[in-house]
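Input: a single structure, listed below in structure tokens.
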Amino acid sequence: MESSFALIDPDTPQSAYTKAGIQNPSQELQLVFSDEFNKDGRSFYPGDDPFWEAADLWYWPTNDLEWYDPEMVTTENGYLKITIDRRRNHGMNYMSGMISSWNKFCFTGGYIEVAVSLPGDPTVSGLWPAVWTMGNLGRAGYGASTDGMWPYTYDDCDVGTLPNQTQNGLPEAAMNTGIVPEFNFELSWLPGMRLSSCTCPGEPHPGPVHRDGTYVSRSAPEIDIIEVQVNVTTRVGEASQSVQFAPFDDNYAWNNASYLHINDPEVSFLNSYQGGVLQQTGSVVSEVNQQCYTSKTSCFAVYGFEYKPGLEQDDAYITWVNNGKQSWTFGAGGIGANPRTEISARPVPREPMYVLINLGLSDGFSPIDADLTYPATMHVDYVRVYQPKNAINYGCDPSGFPTSNYINQYIEAYTNPNLTGTVIYRIWPAIFIHTAFSAVVVYIDLYVKDIGIGTVFLTIIPMVLGFVIALRVTTGYDRYWAGRMAWSDVTRNLRTMSRLIWYHVPARLTPGVGEVPLKDVEQVIEEKKIALDLLEAYAVALKHHLRDEPGPYYEDLNPLLASMETSPYHEHRFPISPTGGSPTVGNAALPSDDPRAPLLPSSMTRKSRGSVFVDLIPFASWWTHFKRLFTKEPADIVPSAGPLGSNAGKHVVIAGGGGNIPLEVIRCLSEWFSALEQRNTVPGTTLGGMIGLLQGLEDSLVTLERIITTPLPLVYTAHIRHTVWIFLFTMPFQLCNTFEWVTVPGVAVAAFLYLGFVAAAEEIEQPFGYDRNDLDLDFFCSGIIGTELDDVRAAKVPNSYLSLPGVVKAGDLFGRGAVIDAATQSAAEDVKLFDPAHPLNGVPSTSAGGY
């Protein structure tokens, strides 16, 4: 394609219209796109800009803590400005910005460079600025578009395209060369390649085709210009410059001995992280320019990469630039064929790539320091793309790799970020078996022997089967809805109880309305804070309890339970050491065998394994038992409970042994209520209400435990599956005489409908785990309950039930009108600010909407 100067910003200096190649300086590159961001006040809301669009979503794939909002992206003083701030939005505690050129500007091959001033301080960890590229067939943040697309870069029809990169438990290397114990050391949990070269003619595929008529595999690969974090040991800003790909090599080990070149080992080093169950990566970490941060001199450092798509025989490569200098090179031979995992060579991405710029925050990527300041801004001076004059190829819908028709055909997947998946990936093997069987039946009926039967069963069985499956789906949804209602009760009870504790429990240790010693006030206020912590701890502990994640040693739970260690009313009974999980920074607040033991993450990554329901495949269990006759595989493998909640609902501790932490929290609060009752300082109506709400929390715990520990009887679900199998296996015999070959797609559709409903019912009947269709317990705990309790903690409480004004003795007593701000001030500071002549100063006015 010839260059179009409409894509080149008029403010780009003439000296930047050409550039020497990075890998080959003798090759001249031509500018094909630039944006200098010189016009201030640009808007990136949808439809406002010809090249960029700002996201309006939560980026769930990496468990980000911010909501991306177009409001946080603009241009100012001649650069792009992305701001992150501690502001509530859509239940998230932070707001930030992400822009992309998805489906607006893409390029294939060449060199892209950006001039960036990084956000924050190079010595303070937490922020996650990134500039990266992705194939146009996957839109970042829209899970239905990236499922089965990212991070594949592949063009063969073999086991590498299948779910989990295996078939019938082979190859062995794909079953045991992973690195994550929680995933059974399996290599891949990807769902399989959606648009592989195995795609049959006539099935959805954007094209093109090979000379032999097979489809060219299509996907959404990723190449990152920079992902920046702070090294928490050296306190130096560093950038990962990487490429992500699939399928995977065993142990995620690409051939970096022969196809890796680092230009300056004093600045750059090979990243020790090479992959996990969802991606393999080639990554080198380089020290960035420590002055080019917005908190420093605000200079701009140049980052970029040059690449040539293809395989090793095409001399394909990727070369990165850090701070204006070549940093490292990745050769395509590094991801050649791998006989151990039985996959072929993976090419350097051939897809049209679009550009993304964002400023994120995720404790899964980088530890977040307590002294991280907000707001923080990331500045981008320009984005420029160059290509060799003999290889100009830009646009998001190139003739060799079209994307437009496919995107428009499935536009909802690219425009609805809440659309994340379908059961088809879990039931397709069973559908394939029934479809293939129907094809065999039709062939025999037409060309060998008439084996058709009457259609009388079609008028009887489907009606009965429909009622049965409807009941199955309704039963599954009833359990899902009951779980949601129970969590609504938890939220309501916690809201009301926090209000009663904070506003209606007098700050005194003895009954009456006389003077109150300051130490008594401070003690009661501290007890109130602890009580609110325990209310939040109840919700968080309940989340982990339902996910079968035992113990208190989690980042979101452990600090909330620390007060129970010093409680005069309660002796905790918890397991004494953390078990399993992925370690992170932090020390346990509760005792353990190892006081330095790291806490477990508050939430594990949501699983996206493209597995199937084995029990939906006819006779699969027979085959399993038959295989064991010839192997040493034990007959009974009992999965253990683990921190991923993989066995949730089967091993939760109902009572006794101190393992039921939500119940332990209820007991601790009950003991405090007993102390309040003995003091006789809380009115009976208030205390009775608090005790009733506590009973409500216990009722919710029982309800949720009943849901998760009472699965539908096996005989019921098994009989439904057997009935569906019988119907689907007899269906082609009933249709073949009348519909002939049309019977085959008819059976396929019927299998999808019936098996899909059965699978959907099983998907939602245990709604407390990490599947995408499960209830979002993390949001319930942090986005709703945690946020509302934070608001209560920050509220100023006028203690109007204390003594009359004028009797306060500074530093000793305080009375009506004194305001205790438990979130920001100590009681002593409030006493110093109290003016007996104006006792209501500082007390929020009810007419003004205060407390």
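Everything numeric in this text was worked out from a predicted model, so none of it was measured. By convention here, the first residue in the shown sequence is residue 1.
The closest side-chain heavy-atom distance from D155 to L311 is not below 4.5 Å. Between V230 and E238, every side-chain heavy-atom pair lies at or beyond the 4.5 Å cut-off. In this structure the side chain of S196 never reaches within 4.5 angstrom of the side chain of C157, judged on heavy atoms. Within the 4.5 Å cutoff, the side chain of V73 has heavy atoms near those of the L80 side chain.
The CD atom of E76 sits 7.0 Å away from atom CG of D40, with the distance rounded to the nearest 0.5 Å. Atom CE of M98 and atom CH2 of W52 lie 12.0 Å apart (nearest 0.5 Å). Annotation: the span from W102 atom CH2 to L356 atom CG amounts to 11.5 Å, rounded to 0.5 Å. Between the CH2 atom in W254 and the CD1 atom in I335 there is a gap of 9.0 Å [rounded to 0.5 Å].
Using the six-membered ring where Trp is involved, H379 and Y79 have ring planes that are parallel, under 30° apart on the 30 and 60° scheme. Ring pair F330/W320 is perpendicular by interplanar angle, where above 60° counts as perpendicular and below 30° as parallel. Aromatic ring orientation, H205 versus Y215: parallel (interplanar angle below 30°, classes split at 30° and 60°).
A distance of 6.0 Å or more separates the ring centres of W58 and W67. In this structure, the ring of Y410 has its center less than 6.0 angstrom from the ring center of Y406. You'll find the ring centres of Y374 and Y94 inside the 6.0 Å limit. In this structure, the ring of F51 has its center no less than 6.0 angstrom from the ring center of F105. Outside the 6.0 Å centre-distance limit, the rings of Y111 and Y307 are not counted as a close aromatic pair.
Residues Q23 and T329 share a closest heavy-atom pair of OE1-OG1, 3.6 Å.
No side-chain N or O of E186 forms a donor-acceptor pair with one of S188 less than 3.5 Å apart.
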Passes side-chain hydrogen bond (donor to acceptor under 3.5 Å, both in side chains), N358 versus Y68? Steps please.
CA-CA 9 Å; N358 65 284; Y68 285 129; 3.0 Å; yes
For S125 and D369, what are the C-alpha separation, side-chain angles and deciding distance, and is it a side-chain hydrogen bond (donor to acceptor under 3.5 Å, both in side chains)?
CA-CA 5 Å; S125 175; D369 289 348; 4.5 Å; no
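The residues K308 and D314 are annotated as not salt-bridged, no charged nitrogen and carboxylate oxygen being separated by less than 4.0 angstrom. Taking 4.0 Å as the cut-off between side-chain N and carboxylate O, K543 and D556 count as a salt-bridged pair.
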